[in-house]
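Residue numbers start at 1 and run along the sequence shown. If you're wondering where the values come from, they're calculated on a predicted model, not measured in any experiment.
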Amino acid sequence: MDRMDTTPDAQDHAEIAALISGFFRALDERRFEEGWADAYFTDDLHVTSPVGEATGTEAIRLAEESVGRFAATLHTSSDVLIHTTPDAHTADVTWNAHMTHVHRDSTLFTVGGVYEARFRRTEGDGGSAGWGCGRCGPRGSRPGGKPVTPVLVSKDIDRRCPPLTE
């Protein structure tokens, strides 16, 4: 990701950091009601991850299925760095992430690394502007423990916690 020259104002930084934290919390709490991801992502979302690459609603299903394969997860983020364009309509964002996954047999899989994302301003209800993530993925990762097998995205997912099919 190219580094942009402008540091965001405190409000933009707080909003973007809150979106990252909120998304991770939604994954861990399995809050997957219809439209849950709209608060975090743009319609043209493109995600790359160790378990696959997807765009739009398929990217959301990939995230749901990925965490749903585990008994529990804990995603943490820190050190959010943001550089905005001079017009403050887009922002390149990086953060450290550490994810702990508990398999159904209680063994652990952990992974950590730096995530990169491109956020852009979006129009909310009533014309209010906010931020949404349009592109996201890890830049290297450091796995440990029992790894996860690749996920196949299914349109018929049990949205709360599908059974492990290893």
Polar side-chain atom of [X] near backbone of [Y] as donor-acceptor pair, under 3.5 Å:
X: His101; Y: Phe109; value: yes
X: His13; Y: Val80; value: yes
X: Arg30; Y: Val67; value: yes

Completion exercise
dist Glu15:CD -> Ile20:CD1 (nearest 0.5 Å) comes out at 12.5 Å

Exercise for the section: Kindly check if the number of other-residue, nucleotide or ligand heavy atoms within 6.0 Å of CZ (Arg25) is above 12? Expected result: no

Exercise for the section: Mark yes when over 12 heavy atoms from residues, nucleotides or ligands other than Asp43 sit less than 6.0 Å from its CG; otherwise mark no. Expected result: no

Exercise for the section: Indicate whether any N or O donor in one side chain lies under 3.5 Å from an N or O acceptor in the other, for Trp95 and Glu116. Expected result: no

Practice task
For His46 and Thr55, test the side chains for any donor-to-acceptor distance below 3.5 angstrom and give the result as yes or no.
Solution key: yes

Practice task
On the 0 to 90° scale, with breaks at 30° and 60°, tag the His103-Phe70 ring pair as parallel, tilted or perpendicular.
Solution key: tilted

Considering only heavy atoms from C-beta outward, does the side chain of [X] approach that of [Y] to under 4.5 Å?
X: Thr90; Y: Phe119; value: no
X: Arg31; Y: Trp36; value: no
X: Leu81; Y: Val93; value: no

Exercise for the section: State plainly whether the residues Arg121 and Asp12 are in salt-bridge range, i.e. N to O under 4.0 Å. Expected result: yes

Exercise for the section: For Asp28 and His75, run side-chain hydrogen bond (donor to acceptor under 3.5 Å, both in side chains): C-alpha distance rounded to whole Å, both residues' side-chain angles, the deciding distance at 0.1 Å, then the answer. Expected result: CA-CA 7 Å; Asp28 293 337; His75 293 72; 2.6 Å; yes

Practice task
Kindly work out whether a path of hydrophobic side-chain contacts (I/L/V/M/F/W/Y, heavy atoms less than 4.5 Å apart) joins Ile82 to Tyr115.
Solution key: yes

Practice task
Identify the heavy atoms of Thr84 and Trp131 that sit nearest to each other, and give their distance.
Solution key: CG2-CH2, 4.5 Å

Practice task
I would like to know whether Arg120 and Asp44 meet salt bridge (Lys or Arg N to Asp or Glu O under 4.0 Å); could you show each step before the answer?
Solution key: CA-CA 11 Å; Arg120 72 171 187 261; Asp44 60 348; 3.2 Å; yes

